Asker: 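First the structure, which I've put down as structure tokens, then a few questions once you've had a look.
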2 protein chains.
Amino acid sequence: MSPRREPRLVFLLTVAQRRLQRWMAARAQANGVTAAQSGLLFILGQRDGVLMGEAGAALDLGPPGISGLVDRMTTADLIKRRADPDDGRAWRLWLTPAGRTALAQAKAGLVEVNARLTEGFSEAEIDVVARWLTSLQTRFPRGEDQ
Amino acid sequence: MSPRREPRLVFLLTVAQRRLQRWMAARAQANGVTAAQSGLLFILGQRDGVLMGEAGAALDLGPPGISGLVDRMTTADLIKRRADPDDGRAWRLWLTPAGRTALAQAKAGLVEVNARLTEGFSEAEIDVVARWLTSLQTRFPRGEDQ
DNA sequence: TCTAGATAGTTCGCATGCGAACTAATTGCA
DNA sequence: TGCAATTAGTTCGCATGCGAACTATCTAGA
């Protein structure tokens with residue numbers, strides 16, 4: 001409540017995310033995989049064959065978001081969609097060979113990005129940042145809340 | 001170089017920004033102004049009559065970004081675009097009365113958002129966060145760099 | 001068994017913003 | 001003066017992801 005000048009966190013957060021997005025998109029020309037797409041690749045790398053909804057939840061995407069992402073990645077032959085044998089409404093997602101290759105490249109790229117993201121900051125500082133970013137998921141929840 | 005588990009900063013940053021975006025978009029139903037749009041309103045509140053390019057630079061938007069934003073806000077009658085008398089290529093942006101009203105509401109809303117963004121964190125911690133976010137603009141520069 | 005409600009995804013229209021390619025106006029310089 | 005290079009914006013196609021409304025399937029209870 002002191003009159004200290006608030007850093008413009010909304011602006012900083014928006015710009016930071018956009019910069020990262022842009023930078024990774026430029027990298028995408030190399031392996032053809034964007035940030036959002038590599039997110040799904042990572043999920044499938046851990047649990048191949050997840051339901052679309054599960055993948056969406058893991059990526060914090062709503063139904064339209066995961067649906068569109070899956071469409072684009074299916075077209076790009078990075079993943080494959082197969083009907084769930086037990087539930088006629090559901091689809092399970094699987095990596096294609098091209099998807100596995102892209103995942104390997106994405107993993108390598110992530111190392112560089114993470115290095116760039118943490119360079120010049122101590123572990124304690126990065127922990128503060130991570131804790132703050134994580135806390136926003138509680139402060140700005142999905143759905144209808146107070 | 002220790003094998004400590006990296007927090008997934010790319011993911012956290014992406015999700016945090018999306019959560020904030022989503023939350024502010026939901027607020028937008030009230031005053032009809034989104035986060036990106038209120039960004040431009042704030043710029044014009046400080047310097048009414050800026051050039052589009054100047055506004056874009058202030059918001060870290062490229063030419064297509066600011067062009068589209070201006071189009072949408074002009075259609076929504078929040079801003080007005082007038083030819084620069086000295087430069088036939090350039091346009092200057094001005095708040096409309098509706099834009100001024102929306103700006104006042106956006107300012108009020110920002111107070112709440114900022115409170116939510118900083119709640120539970122010390123000033124020193126917020127400073128670390130702000131410094132980290134700001135540093136990304138250098139780490140992930142626009143244009144072609146190393 | 002039948003049906004009402006819940007659940008999994010899809011589709012539509014929209015906002016956001018990028019890169020590439022473009023138009024039009026201005027400027028620098030030979 | 002005149003033209004080449006620069007600069008201000010626009011346009012196009014794309015990726016991303018939202019909310020609202022929809023379809024199809026499944027499940028639980030009367």
Side-chain angles (χ1 to χ4, degrees), chain A residues 13-29 32-40 50-57 59-76 78 81-93 140 142-144, chain B residues 13-29 32-40 50-57 59-76 78 81-93 140 142-144:
Chain A
L13 180 59
T14 301
V15 170
Q17 198 276 330
R18 199 153 63 216
R19 289 290 184 115
L20 179 58
Q21 193 74 28
R22 205 147 53 190
W23 195 82
M24 292 183 76
R27 280 284 172 288
Q29 257 97 59
V33 172
T34 67
Q37 294 178 2
S38 47
L40 182 49
V50 290
L51 296 175
M52 285 183 59
E54 292 171 349
L59 295 170
D60 196 49
L61 291 178
I66 188 66
S67 193
L69 185 60
V70 164
D71 280 352
R72 292 187 296 272
M73 291 179 71
T74 301
T75 299
L78 293 165
R81 197 165 53 169
R82 297 204 202 109
D84 184 300
D86 300 330
D87 188 337
R89 303 164 296 179
W91 299 88
R92 294 192 175 274
L93 305 176
F140 300 97
R142 310 197 62 135
E144 45 295 309
Chain B
L13 180 59
T14 301
V15 170
Q17 198 277 331
R18 199 153 61 215
R19 288 289 183 115
L20 179 58
Q21 192 74 27
R22 205 148 53 192
W23 194 82
M24 294 183 76
R27 280 282 173 287
Q29 258 95 60
V33 172
T34 66
Q37 294 178 4
S38 46
L40 183 48
V50 290
L51 295 175
M52 287 183 58
E54 291 171 349
L59 295 169
D60 197 49
L61 291 178
I66 188 65
S67 193
L69 184 60
V70 164
D71 280 352
R72 291 185 297 272
M73 292 180 70
T74 300
T75 299
L78 293 166
R81 196 164 52 170
R82 296 205 203 109
D84 183 301
D86 298 330
D87 189 335
R89 301 164 298 180
W91 299 87
R92 293 194 174 274
L93 305 176
F140 299 97
R142 309 197 62 135
E144 46 294 311

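Not measured: the values here are computed from a predicted model. Quick note on labels: first sequence line is chain A, next is B, and so on, each numbered from 1.
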Asker: Please find the pair of heavy atoms, one from A:Ile66 and one from A:Ala55, that lie closest to each other, and give the distance.
Answerer: CD1-CB, 4.1 Å
Asker: Need to verify one output field. Residue with the more 5' nearest nucleotide on DNA chain C, A:Arg92 or B:Gly62?
Answerer: A:Arg92
Asker: From C-beta outward on B:Pro64, which listed nucleotide comes closest to its side chain: D:dT16, C:dT10, D:dT10?
Answerer: D:dT10
Asker: So if I take every side-chain heavy atom of A:Ala90 and compare against C:dT16, D:dA15, C:dA8, which nucleotide ends up nearest?
Answerer: C:dA8
Asker: Looking at C:dG9, D:dA15, D:dG9, which one has an atom nearest to any side-chain atom of A:Leu51?
Answerer: C:dG9
Asker: Holding to side-chain contact (heavy atoms from CB on, under 4.5 Å), I want the full list of residues that pass it with B:Ser67, two or more places apart in sequence or in another chain.
Answerer: B:Met52
Asker: Kindly point out which of C:dT10, D:dG17, C:dA25 is positioned nearest to the side chain of B:Arg22?
Answerer: D:dG17
Asker: Can you tell which of D:dC18, D:dT25, D:dG9 lies closest to the side chain of B:Pro63?
Answerer: D:dG9
Asker: Measure from the side chain of A:Leu61, starting at C-beta and using heavy atoms only, and say which of D:dG17, C:dA20, D:dC26 lies closest.
Answerer: D:dG17
Asker: Establish, with yes or no, whether the OP1 or OP2 oxygen of D:dG9 is under 4.0 angstrom from a side-chain nitrogen or oxygen of B:Ser67.
Answerer: no
Asker: Are A:Gln37 and D:dT16 close enough that a side-chain N or O sits under 4.0 Å from OP1 or OP2?
Answerer: yes
Asker: Could you tell me whether B:Arg72 contacts a base, only the sugar-phosphate backbone, or nothing, with contacts defined as non-hydrogen atoms closer than 4.0 Å?
Answerer: base
Asker: What pairs of nitrogen or oxygen atoms, one from the protein and one from nucleotides 3-7 of chain D, lie under 3.5 Å apart?
Answerer:
residue	atom	partner	partner atom	Å
D:dT7	O2	B:Arg89	NH1	2.5

Asker: Nearest of D:dT16, C:dT16, C:dG17 to any side-chain atom of A:Thr34?
Answerer: D:dT16
Asker: Which heavy atom of B:Asp60 sits nearest a heavy atom of A:Arg18, and at what distance?
Answerer: O-NH2, 3.1 Å
Asker: I want to confirm an ordering. Mapping A:Ala36 and B:Trp91 to their closest nucleotides on DNA chain D, which one lands closer to the 5' end?
Answerer: B:Trp91
Asker: Is the Lys NZ or Arg CZ of B:Arg27 less than 6.0 Å from the centre of B:Trp23's six-membered ring, within 45° of the axis?
Answerer: yes
Asker: Testing the basics here: between B:Leu40 and B:Met73, what is the closest heavy-atom pair and its distance to 0.1 Å?
Answerer: CD2-SD, 3.6 Å
Asker: Can you tell which of D:dA15, C:dA8, C:dT10 lies closest to the side chain of A:Arg81?
Answerer: C:dT10
Asker: Would you please name every residue forming a side-chain hydrogen bond (donor to acceptor under 3.5 Å, both in side chains) with A:Arg89, sequence neighbours left out?
Answerer: A:Asp87
